[in-house]
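Structure, as structure tokens:
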Amino acid sequence: YDIFSYSTPFFIYNTRRIKFDYAGKEWMIQVWKGNYLVSNGAEIGIYNRDKIKFVTHYECVSDDEMMNMSMKLYHGDEKIFERAEQKHWWLTGFRLSKTLYTAESMTLDFTIEMKDEEMLKAFCNAIEKEYHKDMTYTVDGLKVNVVW
């Protein structure tokens, strides 16, 4: 999907993959923001795979592994949309608009509630290691709020 989208003029977005190890699996939380056809939008997906696999493919998490997530997408001070907290593996939001903003001019503000302190630490360490110039985060209990 991500590779195909760059070959068309219909989907112009940025994505980040936050990868970390937790509970014997490789986890990836992927976020997207940008233009989807005639809308501004964003997505959050939670994926994992067994550590012993020799492939690059991640599966969406099982029902037991889903987490509470919420998100808000902004252009400057204008809130484009908001998604209330819900337990899922994939959260999306899109708003039809005559004005399509660049991904760089939009801010995705999202929250994910981690399973425990170990997962929280692994996720935060991954952000600090890979995306410290691109994302900021705050922690409240097991909830991580990320601004990108």
Side-chain angles (χ1 to χ4, degrees), residues 1-8 10-37 39-76 79-95 100-148:
Y1 176 78
D2 292 329
I3 293 169
F4 169 75
S5 72
Y6 293 117
S7 66
T8 72
F10 305 116
F11 301 98
I12 304 169
Y13 58 79
N14 288 347
T15 187
R16 298 291 181 268
R17 294 179 179 103
I18 305 163
K19 297 179 180 182
F20 57 96
D21 292 341
Y22 168 73
K25 292 185 177 185
E26 295 176 0
W27 288 70
M28 177 176 68
I29 296 178
Q30 186 167 355
V31 294
W32 298 261
K33 65 178 178 178
N35 307 143
Y36 298 77
L37 295 174
S39 65
N40 296 297
E43 307 171 70
I44 306 169
I46 306 173
Y47 310 88
N48 64 30
R49 65 183 178 193
D50 293 332
K51 289 182 87 169
I52 58 172
K53 284 195 174 181
F54 297 103
V55 296
T56 59
H57 181 74
Y58 286 79
E59 299 287 336
C60 63
V61 296
S62 68
D63 289 351
D64 292 339
E65 296 168 321
M66 291 191 296
M67 294 184 269
N68 288 323
M69 302 184 285
S70 64
M71 74 162 100
K72 299 174 190 168
L73 184 66
Y74 294 92
H75 179 258
K79 186 189 307 177
I80 297 171
F81 71 82
E82 178 175 0
R83 291 289 175 261
E85 184 175 292
Q86 56 184 290
K87 189 174 190 174
H88 215 285
W89 70 272
W90 189 37
L91 192 63
T92 66
F94 308 97
R95 184 170 176 202
L100 296 178
Y101 305 117
T102 65
E104 295 80 12
S105 71
M106 290 186 277
T107 301
L108 177 59
D109 182 337
F110 65 95
T111 300
I112 300 177
E113 186 173 357
M114 298 293 148
K115 298 287 185 187
D116 56 32
E117 289 287 334
E118 180 186 350
M119 184 181 218
L120 175 72
K121 184 176 179 179
F123 178 74
C124 293
N125 286 342
I127 291 175
E128 289 175 15
K129 180 180 176 189
E130 297 296 326
Y131 297 111
H132 59 91
K133 297 175 187 169
D134 195 56
M135 297 177 159
T136 60
Y137 70 90
T138 56
V139 175
D140 182 11
L142 293 176
K143 289 185 178 185
V144 181
N145 178 250
V146 181
V147 177
W148 169 48

Taking atom [atom1] of [X] and atom [atom2] of [Y], what is their separation to the nearest 0.5 Å?
| X | Y | atom1 | atom2 | value |
| --- | --- | --- | --- | --- |
| Asn48 | Asp50 | CG | CG | 7.5 Å |
| Glu59 | Lys25 | CD | NZ | 10.0 Å |
| Arg95 | Glu82 | CZ | CD | 12.5 Å |
| Met106 | Thr102 | CE | OG1 | 6.5 Å |
| Met28 | Cys60 | CE | SG | 11.0 Å |
| Lys19 | Gln30 | NZ | CD | 8.5 Å |

Residue pair [X] / [Y]: nearest heavy atoms and the distance that separates them:
| X | Y | result |
| --- | --- | --- |
| Ile80 | Tyr101 | CD1-CD1, 4.0 Å |
| His88 | Ile46 | O-CD1, 3.9 Å |
| Glu26 | Tyr58 | O-CE2, 3.5 Å |
| Ala42 | Leu108 | CB-CD1, 3.7 Å |
| Phe94 | Ser39 | CB-OG, 3.8 Å |
| Trp32 | Gly45 | CZ3-N, 3.8 Å |

Note to self: Walk me through whether Lys33 and Met71 qualify under side chain to side chain contact (heavy atoms under 4.5 Å, CB included).
What the structure shows: CA-CA 11 Å; Lys33 65 178 178 178; Met71 74 162 100; over 6 Å; no

Next item on the list: Name the orientation class of the two ring planes belonging to Tyr47 and Trp89 (parallel below 30°, tilted from 30 to 60°, perpendicular beyond 60°).
Entry: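 Taking Trp89 first and then Tyr47, their aromatic rings stand perpendicular (interplane angle over 60°).
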
Please examine the side chains of [Y] and [X], heavy atoms only from C-beta on, and report whether any two atoms are closer than 4.5 Å.
| X | Y | result |
| --- | --- | --- |
| Asn68 | Gln86 | no |
| Phe110 | Leu91 | no |
| His75 | Asn40 | no |

Next item on the list: Not counting sequence neighbours, which residues clear ring pair (Phe, Tyr, Trp, His ring centres under 6.0 Å) with Tyr22? List them please.
Entry: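 Counting only residues at least two positions away or on another chain, Tyr22 forms a ring pair (Phe, Tyr, Trp, His ring centres under 6.0 Å) with Trp27.
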
Check: Can you check side chain to side chain contact (heavy atoms under 4.5 Å, CB included) on Ile18 and Met135, steps first, answer last?
Finding: CA-CA 11 Å; Ile18 305 163; Met135 297 177 159; 4.0 Å; yes

Note to self: Testing Phe20, Tyr131, Tyr137 one by one against Phe123 for a ring pair (Phe, Tyr, Trp, His ring centres under 6.0 Å), which residue passes?
What the structure shows: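 That would be Phe20.
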
Margin query: Checking side-chain contact (heavy atoms from CB on, under 4.5 Å) between Val146 and each of Ile112, Ile127, Ile29, which is the one that passes?
Written below: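 With Val146 as partner, side-chain contact (heavy atoms from CB on, under 4.5 Å) holds for just one option, Ile127.
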
Note to self: Please list all pairs meeting salt bridge (Lys or Arg N to Asp or Glu O under 4.0 Å) that have one or both residues in residues 104-121, counting only residues at least two apart or in different chains.
What the structure shows: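 Not a single pair qualifies under salt bridge (Lys or Arg N to Asp or Glu O under 4.0 Å).
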
Margin query: Pairing donors with acceptors under 3.5 angstrom, does anything connect the side chains of Tyr36 and Glu43?
Written below: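 Looking only at side-chain atoms, Glu43 and Tyr36 do form a donor-acceptor pair, the distance falling under 3.5 Å.
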
Notebook entry, point to check: How about Thr111 and Glu85: does a side-chain donor come under 3.5 Å of a side-chain acceptor?
Noted result: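 No, because no side-chain N or O of Thr111 sits under 3.5 Å from a partner of the opposite role on Glu85.
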
Next item on the list: Give a yes or no answer on whether the side chain of Asn145 reaches the backbone of Val139 with a donor-acceptor pair at less than 3.5 Å.
Entry: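 No; zero donor-acceptor contacts below 3.5 Å.
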
Item checked: Donor-acceptor contact present, side-chain Thr15 to main-chain Val31, <3.5 Å ->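 Confirmed, Thr15 side chain pairs with Val31 backbone.
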
Item checked: Intermediate values then yes/no, side chain to side chain contact (heavy atoms under 4.5 Å, CB included), Arg49 and His57 -> CA-CA 8 Å; Arg49 65 183 178 193; His57 181 74; 5.9 Å; no

